[in-house]
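Hydrogens, waters and symmetry mates are skipped; everything else that's a heavy atom, side chains included, is used.
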Amino acid sequence: MRKVLLPALIIIGASLLILRIFYLQIIDDTYKLKSDNNAIKIKYDYPERGYIYDRNGVLLVANQPSYDIMVIPRELKNTDTLEFCQLLNITKEDFIKKIEKAKVYSPRLPSVFLAQLNKSEFAAFQEKIRKFEGFYFQKRSLRDYEVNYGANIFGFITQANEKLIAKNPYYKSGDLIGKQGVEESYEKTLRGIKGVKYFQKDKFNREIGAFKEGKYDTIAVQGEDINLTIDAALQKYGEELMVNKRGGIVAIEPKTGEILALVTAPSYDPGILVGRQRSKNYTKLYHDSIAKPLYDRGLLAEYPPGSPFKILTGLVGLQEQVVEEETTFMCNHGFAYARGRFQRCHCGGGVRDLHVGIYKSCNAYFSNVYLRTIAKYAKPAYSVDVWSNHVKSFGLGQFMGYDLPTGKKGNIPSSKTYKKIYPNGGWRGTTIISNAIGQGEVLMTPIQLANMMSAVANEGYYYTPHIIKKIKGEKIDPKFTTKHVTTIDKKYFPPMISGLFDVYNKGTAYALRVEGIDICGKTGTAENFAKIDGKRVQLKDHSIFVAFAPKDNPKIAIAILVENGGFGSTIAGPIASLMIEKYLRKKITRTDLETRVLNSSLQGQYAKLGGLSEEIKKELRIKDSILQSKTKATALKIDSTKTKK
């Protein structure tokens with residue numbers, strides 16, 4: 001039996017191997033299809049990307065036809081370079097450079113020679129393409145922006161780079177891919193699936209028909225349409241209000257976490273990143289290191305939150321039972337917290353409890369609350385961690401998990417922070433007292449501030465902020481419908497909300513009231529320093545404001561930060577009132593506030609940091625340098641030459 005078994009195994013193994021080879025070489029054509037590039041030509045059929053709508057069905061981003069000129073280097077023959085360059089309005093140097101780049105990629109495979117030609121540019125070349133062997137055109141669709149705002153939300157489309165192609169086999173040289181914004185976050189949804197067609201060639205390199213009668217051909221599948229949570233009218237209005245200013249606005253629907261507006265200023269018309277000028281325009285935007293129009297301040301800019309942070313200082317104090325709602329402290333126009341150390345206050349001075357402390361924004365009150373919180377436990381390090389964990393439960397000091405590809409964590413200090421700063425110890429509550437009023441080591445982004453106010457509006461919970469509302473045929477990520485509960489008991493929120501309500505009724509935002517809308521808010525001012533000529537110089541403070549409305553059953557929570565804007569009630573506060581009224585009523589009654597904001601320009605403040613070059617202002621037409629609104633603003637088309645459908 002043993003003598004038979006071994007020969008039998010050898011015969012069976014050899015038979016299986018022969019059968020497999022026969023199947024692969026004779027029956028199965030797939031490997032032949034992949035390797036036989038000399039006999040088979042592959043053409044891709046690129047689908048339209050999915051359309052983008054706002055929460056109310058307003059079309060924001062569509063598509064327009066475009067054409068890429070493709071080249072196969074080894075098939076070039078007797079090209080009349082001069083005529084070719086004249087047709088496409090390029091130089092001979094550009095021609096040589098592009099051909100060499102294509103050869104590096106592959107002499108035998110097609111590469112994009114010139115991308116994103118519009119109809120008129122392509123028409124002249126199409127008539128004579130037969131004269132240029134080795135070149136052919138590939139039809140694509142480019143984005144067609146129906147609006148001139150929201151560039152930071154949409155992102156843009158660009159060619160996939162070699163590094164990405166090496167990682168992801170779906171993409172080939174010349175393929176387009178979404179970058180930044182929802183174009184990047186929802187690339188797989190929006191891009192669709194490209195179709196593939198295989199053509200057989202004869203020995204003269206001529207197409208002689210479909211390979212295997214189209215057996216392996218696939219049909220392109222159009223990308224899915226998506227609805228964003230953005231309210232188009234609110235987004236547009238927010239960008240108008242931020243003309244000639246720098247900063248961010250983030251508005252959220254508290255009950256869902258849906259982002260209603262995400263404004264960064266300065267911004268740009270998304271249409272300038274479409275077509276043959278895309279690369280040139282992007283380069284200029286990228287190198288504008290002063291205004292940073294590509295920098296989404298709503299998601300990336302980390303600022304000391306200032307007085308709005310007092311909301312959390314008070315809530316943590318209540319939760320830790322170091323104070324009660326009725327607990328009072330004396331404000332002597334400030335607070336002497338250590339020998340020779342005095343923290344100024346502009347509330348007017350007097351006896352302060354939680355309610356008055358909030359609507360008058362008393363530094364002395366909240367500094368006392370903070371000191372009691374840090375002194376509650378024997379070791380300051382433990383107390384700071386307790387405080388830090390409470391604050392972090394509002395989504396602060398961490399990446400929030402929203403569905404946009406960029407963001408910053410901000411900073412909520414813990415005992416580890418101070419062990420690094422003070423390695424020899426010796427620190428205590430008075431050492432880090434600036435945290436009480438949103439200064440010190442505390443940093444937050446505008447979207448974190450807005451989310452914090454959503455949690456307060458909901459009396460202790462929030463949903464992860466997100467910008468996707470609906471995808472045709474799909475469900476949104478369940479993490480966006482998962483409730484996050486803070487460590488603060490619900491019973492402590494009503495007294496805080498009452499104080500925030502009186503910020504508008506008799507406090508620092510009294511002049512910003514909107515008749516008939518109960519708004520709860522908090523003004524804020526953050527110190528601002530910059531290095532100019534190598535010296536640390538204090539500039540005009542940042543203006544901050546947070547709010548939600550209505551007081552009962554809130555529909556919108558909002559955070560505004562205007563760089564160098566001064567007091568919170570000066571410019572950020574009016575913007576908050578206007579944005580809230582715009583969303584809830586779809587019209588504006590506080591036209592006095594509107595006129596003041598639209599006519600406000602902070603370019604003089606920014607000029608201290610160098611300002612924008614006249615060339616960038618002219619060529620890219622960045623909004624904060626050219627839209628001089630003197631009356632009620634309406635959206636202006638920034639790039640009047642953009643090709644429409």
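Contact annotation: the side chain of I519 never approaches that of L512 to less than 4.5 Å [non-hydrogen atoms, C-beta and beyond]. When side chains are defined from C-beta on, Y186 counts as touching I471, because their heavy atoms get closer than 4.5 Å. Residues V386 and S383 have side chains not in contact (no heavy-atom distance under 4.5 Å, counting atoms from C-beta outward). Contact annotation: the side chain of I259 never approaches that of H466 to less than 4.5 Å [non-hydrogen atoms, C-beta and beyond]. Put simply, the side chain of T486 reaches to within 4.5 Å of the side chain of F493, judged on heavy atoms. A 4.5 Å side-chain heavy-atom check between L273 and L285 finds at least one atom pair inside the cut-off. The closest side-chain heavy-atom distance from V442 to P304 is not below 4.5 Å. Considering only heavy atoms from C-beta on, V250 stays 4.5 Å or farther from I558 through its side chain.
In terms of heavy atoms, A559 sits closest to A450 at CB-N, 3.5 Å. Closest heavy-atom contact between P574 and G568: CD-O, 4.4 Å. I437 approaches S367 most closely through the heavy-atom pair CG2-OG, 4.3 Å. A pairwise comparison of heavy atoms in N281 and I272 identifies ND2-O, 2.8 Å as the closest pair. Closest non-hydrogen pair, K408 versus Y402, comes out as N-OH, 4.3 Å.
The pair R55-E258 counts as a salt bridge, with a side-chain nitrogen and a carboxylate oxygen less than 4.0 angstrom apart. Using a cut-off of 4.0 Å between Lys/Arg side-chain N and Asp/Glu carboxylate O, R49 and E187 are scored as salt-bridged. A salt bridge links D231 with K586: at least one charged nitrogen is closer than 4.0 Å to a carboxylate oxygen. Between K376 and E320 there is a salt bridge, with a side-chain nitrogen of the basic residue lying less than 4.0 Å from a carboxylate oxygen of the acidic one.
Around OH of Y382, the count of heavy atoms belonging to other residues, nucleotides or ligands within 6.0 Å does not exceed 12. Around atom NZ of K479, more than 12 heavy atoms belonging to other residues, nucleotides or ligands sit under 6.0 Å away. Heavy atoms of other residues, nucleotides or ligands lying less than 6.0 angstrom from OH of Y170 number more than 12. Within 6.0 Å of atom NZ in K255, more than 12 heavy atoms from other residues, nucleotides or ligands are found, so the atom counts as buried in its surroundings.
At a cut-off of 3.5 Å, with distance as the only test, a side-chain donor of N435 or Y370 sits close to an acceptor on the other residue. No side-chain donor-acceptor contact under 3.5 Å links T431 and Y422. For the 3.5 Å distance criterion, the side chains of N152 and T264 fail to qualify, holding no donor opposite an acceptor.
Once rounded to the nearest 0.5 Å, the distance linking CZ of R513 with CG of L593 reads 11.0 Å. Within the model, atoms CG of L176 and CG of L142 stand 6.5 Å from one another, a figure rounded to the nearest 0.5 Å. To the nearest 0.5 Å, atoms OH (Y583) and NZ (K555) are separated by 9.0 Å. Put simply, CD1 on I252 and CE on M453 are 11.0 Å apart, with the number rounded to the nearest 0.5 Å. Atom NZ of K163 is separated from atom CG of N168 by 14.0 Å, given to the nearest 0.5 angstrom. If you take CG on L262 and CD1 on I230, they are separated by 6.0 Å, rounding to the nearest 0.5 Å.
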* To do: Would you please test R297 and E563 for side chain to side chain contact (heavy atoms under 4.5 Å, CB included) and show each step?
  => CA-CA 10 Å; R297 286 169 164 85; E563 295 180 7; 3.0 Å; yes
* CA sep, side-chain torsions, deciding dist, call: T523, T508, side chain to side chain donor-acceptor pair (under 3.5 Å) -> CA-CA 7 Å; T523 52; T508 53; 2.9 Å; yes
* Hey, mind stepping through D489 and Q319 against side chain to side chain contact (heavy atoms under 4.5 Å, CB included) and telling me if it holds? -> CA-CA 7 Å; D489 293 341; Q319 180 67 35; 3.5 Å; yes
* **Candidate pair I157 and I177, rule side chain to side chain contact (heavy atoms under 4.5 Å, CB included), full reasoning** => CA-CA 6 Å; I157 306 299; I177 187 172; over 6 Å; no
* To do: Verify side chain to side chain contact (heavy atoms under 4.5 Å, CB included) between M242 and I249, making sure each step is shown before the conclusion.
  => CA-CA 9 Å; M242 289 297 288; I249 302 174; 3.6 Å; yes
* To do: In sequence, state the C-alpha distance, the side-chain angles, and the governing distance for S361 and S307, and then conclude on side chain to side chain donor-acceptor pair (under 3.5 Å).
  => CA-CA 7 Å; S361 195; S307 291; 3.3 Å; yes
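Between the side chain of T313 and the backbone N or O of A436 there is at least one donor-acceptor pair closer than 3.5 Å. Formation of a donor-acceptor pair under 3.5 Å by the N227 side chain with backbone atoms of K469 is not found in this model. One N or O on the side chain of D385 and one on the backbone of S415 form a donor-acceptor pair closer than 3.5 Å. Judged by distance alone, with hydrogens and angles left aside, the side-chain atoms of T487 form no donor-acceptor pair with the main-chain N or O of S393 at under 3.5 Å. The backbone N or O of V243 sits less than 3.5 Å from a side-chain atom of K245, completing a donor-acceptor pair. Listed for the D54 side chain is a donor-acceptor partner under 3.5 Å among the backbone atoms of N56. Of the possible polar contacts, none joining the T445 side chain to the L300 backbone as a donor-acceptor pair under 3.5 Å is found. No side-chain donor-acceptor contact under 3.5 Å links E224 to the backbone of G192. Judged by distance alone, with hydrogens and angles left aside, the side-chain atoms of S498 form no donor-acceptor pair with the main-chain N or O of P494 at under 3.5 Å. Under a 3.5 Å cut-off, the side chain of E183 and the backbone N or O of G181 do not form any donor-acceptor pair.
Separation of the Y303 and H542 ring centroids falls under the 6.0 Å cut-off.
Ring geometry for Y418 versus W427: interplanar angle of 30 to 60°, hence tilted. Using cut-offs of 30° and 60° for the angle between ring planes, the H484 and Y462 rings count as parallel.
Checking each of Y268, Y286, Y282, Y145 against F156 for a ring pair (Phe, Tyr, Trp, His ring centres under 6.0 Å) leaves exactly one that passes, namely Y282. For the side-chain hydrogen bond (donor to acceptor under 3.5 Å, both in side chains) test with N363, the passing option among K310, Q439, Q343 is K310; the others fail. Each of Q180, K179, R278 was checked for a side-chain hydrogen bond (donor to acceptor under 3.5 Å, both in side chains) with T158, and the lone residue meeting it is R278.
For K582 and Y237, the positive end sits near the middle of the six-membered ring, less than 6.0 Å away and at most 45° from its axis. A cation-pi geometry, defined here as NZ or CZ lying under 6.0 Å from the six-membered ring centre and within 45° of its normal, holds between K551 and F501. Judged by the 6.0 Å distance and 45° axis criteria, R246 is positioned over the aromatic ring of Y606. Judged by a 6.0 Å distance limit and a 45° cone about the ring axis, K483 is positioned over the six-membered ring of Y461.
Residue pairs that meet the salt bridge (charged side-chain N to carboxylate O under 4.0 Å, His left out) test with at least one member in residues 300-309, sequence neighbours left out, do not exist here.
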